[in-house]
Amino acid sequence: MYTNHVRCRACNYGPALVPEGIKAADNGEKLIPVFDLGLQPLANSFRSADEMQDGFAPLKVLLCPRCSLAQLSVVVKPEILYANYPYLTSGSVTMQNHFDRLFDDLGVAELNSVVEIGSNDGKLLAHWKAKKPTLKVVGIDPARNLSSLAFQRNIGTVVSVFDKEAARSANAIQPDLVLARHVFCHVHNWEEFILALAEMGGPETRYVIEVPYVRELLDNLEFDTIYHEHLSYLSIKAMEALLAKSPLELDDIREYPIHGGAILLTLRRRGAEIMRHVIVDRYLSMEDFDEERWKRFALDSCNHIMDLTTKVGELAVAGKSVCGYGASAKSTVTINACHFSHRHIRFICDDTPQKQWKFSPGSDIPIVDEGALIRERPDYCVLFAWNWSSEIIAKNNQYLAAGGKFIVPGKTLEIVP
Ligand code: TYD
């Protein structure tokens, strides 16, 4: 189900890899364990009671002392993680606004063609095409179920993992912009990814990668964004180490509040007539994601998990009913870290049809439609999808008016109202 990961995927720090049976001299290089949630289920393996369960894998973060890349100690087979992927790009207002902002900030109105890697169900490309009907677009995504949704939106998709071959197929439209939103940190072999990127476009093409930034994870205690799909927790120092010998270089960095804090990295072909943005050096000078910083994060996360476990446990003992909102991958991490069961959290509301009437992975907590919050009126609702909290709280006024309360996990537990 998974392989162990021992060498840094950005700078290759780690023990020498030698053929089985041959002993190599110890080079003294070891990635440092800094965070460990033990064995955990795959965060998006939502199953109905009679469906095959996928099993558990270690969820442990290793830190590279050379380039500061944090990465999981195992790589779960992509065929298992992504064969039938239930994650749909959100259709929320927040997400539409983000697509609009990217359209403006990346100057898409002036472009002819865009390739999106990890195009999911085609929402972003369809949104951009509606704003600029002459824009040529192609998506690349391995999930068959999602690509057929994209085809229904008239978004052509190369159904494949992203590799050189997929890149060459998509390159038929000669992209001015290649976009990869929240897919880079799901990729195991970064060197191949960057080489496949470089197969597309020409000297002026921009390659834009949106990823969560490790600073937000550490500063905001977003431990629930650590799960098997997220193989790496990116720093700019690690990105620079990776790109050092590649045909592409880092040109610009921007920050966006989406998904708890993301950065947009713009890469260009080396030698393109573009001055390196001073911002890259500014980021490098501010980064301090060392072992000490990770150890503090691990301790704070443990305390947070204990606080939430105690709070929900006390409510259950006091006879209060508690549900959850947002069967996000984050919810799977929190539920399993807190050992919650149906006794603690009666159900989780979620608007994704593919998740409804299934169980939260690793637990017996059912996922139901959003209307259950009003129908069942639990006393408390844990907002597992905290990254959408303002939108979800705003649309559930009726629940609050009837006396319901949201528990919002963040740096501290907030009870609303
Ligand atoms: P999300 O935070 O997008 O992703 P991840 O799985 O990477 O943690 O997941 C949010 C979940 O919340 C998703 O399953 C959809 C659901 N949701 C609702 O049910 N209602 C809403 O109004 C919103 C915004 C999300």
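Ligands are counted one by one from 1 in listed order, and the atoms in each one are counted from 1 as well. Because the structure is predicted, anything quoted here is derived from the model rather than measured.
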Heavy-atom check, side chain of Asn12 versus side chain of Glu191, under 4.5 Å: yes
Nearest-option assignment for atom 23 (C) of ligand 1, heavy atoms, candidates Thr352, Ile393, Ile392: Ile392
Ala329, any N or O under 3.5 Å of ligand 1 N or O: yes
Ion pair check, Asp288 and Arg293, cut-off under 4.0 Å: no
Closest to atom 15 (C) of ligand 1 among Ile367, Asp351, Asp224 (heavy-atom distance): Asp351
N or O pair under 3.5 Å between Lys330 and ligand 1: yes
Heavy-atom nearest option to atom 7 (O) of ligand 1, drawn from Phe46, Trp386, Tyr227: Tyr227
Any N or O of Asn44 closer than 3.5 Å to N or O of ligand 1: no
Sub-3.5 Å N/O-N/O distance, Glu391 and ligand 1: no
Lys131 to Phe103, cation-pi by 6.0 Å centre distance and 45° axis angle: yes
Contacts of type side-chain contact (heavy atoms from CB on, under 4.5 Å), residue Ser363, not counting sequence neighbours: Ile335, Ser360, Ile365
Near-ring test Phe223/Phe297, centroid separation under 6.0 angstrom: no
Ligand 1 contacted by Lys395 (non-hydrogen, < 4.0 Å): yes
Heteroatom distance test (Ser92, ligand 1): nitrogen or oxygen, under 3.5 angstrom: no
Under the side-chain contact (heavy atoms from CB on, under 4.5 Å) test, residues paired with Lys395 that sit two or more places apart: Tyr325, Glu370
Residues Arg296, Glu292: salt bridge by 4.0 Å N-O rule: no
